[in-house]
Amino acid sequence: MSETKSASLRLLEASEKISQGAEAKIYRTQLHDPVSLSESTTDGDRVLLLKHRFHKQYRHPSLDASLTKSRIAGEARALIKCLRSGVNVPGIRMVDATEGILGIEWIDGKSVRFLLGGGAEDDEEVIEDGDVPEGEDDEAEDEDLLKEYGVSEDALMNMIGTEIAKMHQADTIHGDLTTSNMMLRHPSSPKGLQLVLIDFGLAYMSTLVEDKAVDLYVLERAFSSTHPASEPLFAGVLKAYEKGVGKNWTAISRRLEDVRLRGRKRSMVG
Amino acid sequence: MQTFRYPHFPPELSTVHVALFNTVTNSADIRSRIIRASQLQGPDGDTERNALNFAFIDARLICSLLHLQTAIYQAVLAHAQRSLRTKTVHSEILWALNPTNNASIRRYGVSDTATSLIVVRISSPDLPDVQQLMTSVVSGTLSSLNQLPEITDWGTVKKYHKLNDEPALKAAAKNVTQERIVVNEIVTSTVAMKSVSS
């Protein structure tokens with residue numbers, strides 16, 4: 001072990017890498033190891049997910065450092081805002097802005113994408129439950145997956161709409177709503193069954209109807225591209241969302257119609 | 001007393017000793033001793049400062065072991081990166097616990113009337129007899145850290161963190177257990193992100 005390596009990088013070396021994207025690597029780790037086993041602490045509390053926004057070689061070092069730092073800070077602020085607003089999101093466990101590491105609560109559960117039979121996203125899940133079954137009997141298998149959590153597909157859609165509504169009521173825009181960025185917390189965990197929104201790496205604050213409508217539109221597209229016959233599913237999401245945002249629904253739904261016609265990007269003409 | 005190990009930190013910061021004392025009778029003494037020690041010059045000052053080289057935390061403001069560990073972790077991390085905002089790693093724990101930017105020692109440190117104290121010592125793995133060092137300063141009953149949530153003054157925690165008007169608490173208001181889970185989560189997360197807040 002070299003002396004120059006920072007403490008957080010050494011922590012990463014001792015952690016299990018579970019996924020890698022273009023922006024960050026994801027690890028699973030444990031902190032706060034007790035020396036004696038006499039008084040055992042709650043084990044679930046010690047498991048963490050680490051998100052490492054690694055150094056990008058293609059950026060100037062000082063620009064890279066300041067971008068990384070502000071993105072870690074931004075993600076942490078979005079999470080705390082959601083927590084205070086009662087949106088189910090992972091709690092924050094450690095922040096090392098210098099190294100670009102965000103440690104968050106480990107969610108014991110499965111992604112909605114997986115539960116709806118959209119398959120594991122290349123490298124996630126699989127570990128525990130083996131391969132996702134494919135073929136005609138998909139539907140029956142999905143029902144079994146959901147049965148373990150004690151929820152119907154309709155109830156799950158309802159939970160999704162409710163959570164997004166709470167988030168939008170707090171003027172937080174997720175920026176990357178997909179079924180992979182939602183997890184169902186296992187009913188046996190201390191906090192019980194919950195739909196948890198994850199990955200706030202692209203989140204930002206906005207009161208604009210446009211931003212909320214686009215957030216919904218992105219999710220609608222994600223549903224239709226990953227899950228067959230998604231229309232009734234997404235309708236269920238919107239129904240719960242409508243209830244959650246109350247009087248704001250009229251403006252948002254009208255704007256959602258517009259966005260569907262033109263797509264996510266607004267025309268800059270005129 | 002419980003000891004936790006952080007092997008990825010430099011040796012002199014890799015071991016954390018935590019103890020909870022109940023029915024503490026000498027809080028006022030401890031507080032004045034700390035103040036006096038900070039002003040003492042020469043070798044006597046060093047000896048006294050070494051004897052008091054702990055973080056003393058008012059246990060009523062701590063929600064859970066995880067809450068405490070998170071503050072300790074962020075303090076040790078700051079020390080390892082040479083980016084302490086306070087003078088010592090022990091005072092940095094109090095800084096991390098405080099959701100605002102003033103009065104962290106007055107609120108989270110030892111007050112004259114405190115009867116439950118958490119004592120923390122960050123050290124190398126080979127510091128001997130830490131519990132002995134703690135009990136020679138604090139007169140009280142050494143207790144299990146599992147008792148922490150029972151000591152917590154949830155009303156004051158909510159006030160200091162300005163949680164009373166938050167939607168998260170309103171949603172959980174009917175169920176005390178649920179509300180405490182929510183408060184603990186917000187408070188722990190606030191501590192974890194203190195270094196990048198605002």
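In the text below, chain A, chain B and the rest are named by the order of the sequence lines, each starting its count at 1. Values in this document were obtained by computation on a predicted structure and should not be read as measured data.
In the displayed structure, Arg106(B) atom CZ is contacted under 6.0 Å by at most 12 heavy atoms of other residues, nucleotides or ligands. The environment of Lys25(A) atom NZ is dense: over 12 non-hydrogen atoms of other residues, nucleotides or ligands sit within 6.0 angstrom. In Asp165(B), the CG atom is not crowded: 12 or fewer heavy atoms of neighbouring residues, nucleotides or ligands sit closer than 6.0 Å.
Without hydrogens or angle criteria, Arg77(A) side chain to Val196(B) main chain gives a donor-acceptor distance under 3.5 Å.
Contacts of Thr3(B) with chain A are made by both backbone and side-chain atoms, with heavy-atom separations under 4.5 Å. Interface remark: Gln169(A) contributes no atoms to any contact with chain B (heavy atom separation under 4.5 Å). Using a 4.5 Å cut-off between heavy atoms, Ala14(A) makes no contact with chain B at all.
The candidate from Cys82(A), Ala7(A), Gly86(A) with the greatest count of non-hydrogen atom pairs under 4.5 Å with chain B is Ala7(A). Interface remark: of the candidates Pro125(B), Ser64(B), Ala78(B), Pro167(B), Pro167(B) forms the most heavy-atom pairs closer than 4.5 Å to chain A. Highest contact tally toward chain B, considering only Glu105(A), Lys166(A), Met94(A), is held by Met94(A) [criterion: heavy-atom pairs under 4.5 Å].
Atoms NE2 and CZ, on His32(A) and Phe4(B) in that order, are 8.5 Å from each other to the nearest 0.5 Å. Taking CG from Leu31(A) and OH from Tyr6(B), the interatomic distance works out to 6.5 Å, rounded to the nearest 0.5 Å. Atom CE in Met193(B) sits 10.0 Å away from atom CG in Leu83(A) (nearest 0.5 Å). Within the model, atoms CZ of Arg10(A) and CZ of Phe9(B) stand 10.0 Å from one another, a figure rounded to the nearest 0.5 Å.
Proximity to chain A among residues 23-48 of chain B is not found for any residue, judged by heavy-atom separations below 4.5 angstrom. Interface with chain A: from residues 169-190 of chain B, residues Ile181(B), Glu185(B), Ile186(B), Thr188(B), Ser189(B), Thr190(B) qualify, criterion being any non-hydrogen pair under 4.5 Å.
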Donor-acceptor pairs are to be reported for all side-chain atoms of residues 115-124 of chain B against protein atoms at under 3.5 Å, with residues two or more places apart or in another chain.
{"residue": "Ser116(B)", "atom": "OG", "partner": "Asn22(B)", "partner atom": "OD1", "Å": "2.8"}
{"residue": "Arg121(B)", "atom": "NE", "partner": "Asn53(B)", "partner atom": "O", "Å": "3.4"}
{"residue": "Arg121(B)", "atom": "NH1", "partner": "Asn53(B)", "partner atom": "O", "Å": "3.4"}
{"residue": "Ser123(B)", "atom": "OG", "partner": "His17(B)", "partner atom": "NE2", "Å": "3.2"}
{"residue": "Ser124(B)", "atom": "OG", "partner": "Asp126(B)", "partner atom": "N", "Å": "3.3"}
{"residue": "Ser124(B)", "atom": "OG", "partner": "Asp126(B)", "partner atom": "OD1", "Å": "2.9"}

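The side-chain contact (heavy atoms from CB on, under 4.5 Å) check on His186(A) picks up Asp108(A), Glu148(A), Tyr149(A), Ser188(A), with sequence neighbours excluded.
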Original post:
Please walk me through it: do Leu163(B) and Arg84(A) pass side chain to side chain contact (heavy atoms under 4.5 Å, CB included)?
Top reply: CA-CA 8 Å; Leu163(B) 296 180; Arg84(A) 296 182 76 105; 3.6 Å; yes

Subject >> Intermediate values then yes/no, side chain to side chain donor-acceptor pair (under 3.5 Å), Gln81(B) and Asp96(A) >> reply: CA-CA 10 Å; Gln81(B) 292 178 329; Asp96(A) 181 346; 2.8 Å; yes

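Summarising the geometry of Ile92(A) relative to Ala192(B), their closest heavy-atom pair is O-CB, 3.6 Å, with the distance given to 0.1 Å.
Side-chain contact between Val35(A) and Gln2(B) is absent, with no heavy atoms from C-beta onward closer than 4.5 Å.
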